[in-house]
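Okay, structure first, notes after.
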Protein chains: 2
Amino acid sequence: MANGKTGERTAAAEAMRPHDHRDCIRRVLDEAERRASDDRVNFTPVRRHALEILLESHAAMPAYGLLKRLDADGFGSQPPVAYRALDFLIGQGFVHKVERLNAYVACMYPHEAHTPAFLICRACRSVAETCVAPTPAALLREAQATGFAIERSVMEAEGLCRACALAEGAACN
Amino acid sequence: MANGKTGERTAAAEAMRPHDHRDCIRRVLDEAERRASDDRVNFTPVRRHALEILLESHAAMPAYGLLKRLDADGFGSQPPVAYRALDFLIGQGFVHKVERLNAYVACMYPHEAHTPAFLICRACRSVAETCVAPTPAALLREAQATGFAIERSVMEAEGLCRACALAEGAACN
DNA sequence: CGCCGGAATGTTATTGTATAATAGTTGCGA
DNA sequence: TCGCAACTATTATACAATAACATTCCGGCG
């Protein structure tokens, strides 16, 4: 792209603006492939294809959308097909669920353990993922005070990405 | 402790351990009542009763559970009854949705604007809410870098509350 | 009084999300 | 060849959420 290469461009910025998305796909897919063989888990055709589909864009895809695609591409047509693939991919950390949308996105940082945080555009449903420190301090403090053992955490922020904010502003004028 | 009265007891601790829950109910309900009349919004019977039901415990209640209760207590029996009440209560900030569970909890801090954060016990489904700074710094930085306008955010941590951790440990021995 | 408009409810129907339960398939080592 | 394990297929169902429309209640106003 574009890009600019300043060195301090953030990940969210990457996701939200034009970039060579084939790089994203290749990079993540390679990583997944490698990790899967390392961990001796089966990266089967359905699972792989599900990940490919999710990688096609940074927008979040609902389960039944994924299912429709899998069906069209010759895999099963019943819900469990999609959900099993998703379970696997989530378990491996290749995919996150965006709770707010009941939808799924490919993880852009499959290599590092992290607490995913999302910037969710309510207009175009694009989702920018950003890595966040294992667990935010405030939360950790509360948890420790109660003896609550955090196993997994997420952050989700909803709003308007820049493109949509501009578009909306235009529409309202 | 129990308790210990150190003065630094946190809110999450409050929710996760025994306490006089009638105080919670009264306190929140009073606040809601007052705020509603201040803001000149209609705190109608269904809405009020829905809040009362949610206040009965710190556990998260699914929409259809609430609906069943409303029905049993003589209000409507169709989904929109529950969802309308929830929309109102959420809009007023009296209730939060716990995305992870597709369930709803009464807000324990109806007086202050805040980003809710939840400690969700996967065993007993109890939910401890803790107030968190408007928006966590890391996220805010990302957002600003992209021109993303955050309108609303949540944090959810899943794990085991102390009681359930003990119980589970016991069961496994 | 009688009409109007808005807010809140009631009702029916539909779509989307997710899982339970069960059975069939494939590959592989003993 | 048997049996195990992992994966896949299918049916059915429960739960979550919203669309669309009818109805009621109430306050303001000519």
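Both backbone and side-chain heavy atoms feed into the values below; hydrogens, waters and symmetry mates do not. The chains referred to below are lettered A, B, ... by the order of the sequence lines, with proteins before strands, and numbering in each begins at 1.
In this structure, B/L101 atom CG and D/dA14 atom P are separated by 21 Å, rounded to whole Å. Regarding B/F43, its CZ atom lies at a distance of 15 Å from the C1' atom of C/dA8, rounded to whole Å. If you take NE2 of B/H49 and C1' of C/dT9, they are 16 Å apart, rounded to a whole angstrom. A straight line from CG of B/D87 to C1' of C/dA7 spans 15 Å, rounded to a whole angstrom. Rounded to whole angstrom, the span from the CG atom of A/L67 across to the P atom of C/dG16 amounts to 12 Å. Atom CZ of B/F88 is separated from atom C1' of C/dA8 by 11 Å (rounded to the nearest Å). Taking atom CG of A/D71 as the reference point, atom C1' of D/dT8 lies 14 Å away to the nearest angstrom. Atom CZ in B/R100 sits about 16 Å away from atom C1' in D/dC15, given to the nearest Å.
Ion pairing of A/E52 with A/R48 is present here, as a side-chain N (NZ or NE/NH1/NH2) and a carboxylate O approach within less than 4.0 Å.
Of all heavy-atom pairs between A/S153 and A/P116, the closest is O-CD, 3.7 Å. Across all their heavy atoms, A/P62 and A/Y104 have their closest contact at C-CD1, 4.4 Å.
OP1 or OP2 of C/dT9 lies within a sub-4.0 Å distance of a side-chain N or O belonging to B/T44. A sub-4.0 Å separation between OP1 or OP2 of D/dC7 and a side-chain N or O of A/N42 is present. Phosphate contact (OP1/OP2 of C/dA18, side-chain N/O of A/N102, threshold under 4.0 Å): present.
Checked against D/dT11, D/dA16, D/dT8, the side chain of A/Q78 finds its nearest nucleotide in D/dT11. In this structure, of C/dG10, D/dA6, D/dT8, it is D/dT8 that holds the atom nearest to the side chain of A/V46. In the set C/dT17, C/dA8, D/dA16, C/dT17 carries the atom at the smallest distance from any side-chain atom of A/Y83. Nearest nucleotide to the B/P79 side chain, out of C/dA13, D/dT8, C/dT11: C/dA13. Picking from C/dA20, C/dT12, D/dA9 the nucleotide with the shortest atom distance to the side chain of A/P80 gives C/dA20.
Between B/Y64 and B/R47, the residue anchored nearer the 5' end of DNA chain C, judged by the nucleotide with its closest heavy atom, is B/R47.
No donor-acceptor distance shorter than 3.5 angstrom exists from the side chain of B/T146 to the backbone of B/F148, with no hydrogens or angles considered. Checked by atom type and distance alone, the side chain of B/R35 pairs as donor or acceptor with a backbone atom of B/Q92 at under 3.5 Å. Of the possible donor and acceptor atoms, none in the side chain of A/E142 sits under 3.5 Å from a partner among the backbone N and O of B/T130.
In this structure, B/K97 reaches the sugar-phosphate backbone alone: every heavy-atom distance under 4.0 Å involves primed, P, OP1 or OP2 atoms, never a base. Using a 4.0 Å heavy-atom distance criterion, B/Y104 is classed as a sugar-phosphate-only contact. Using a 4.0 Å heavy-atom cutoff across all strands shown, A/P62 reaches sugar-phosphate atoms only and no base atom.
Side-chain to base pairing of A/R84 with D/dA9: one donor and one acceptor N or O lie within less than 3.5 Å of each other.
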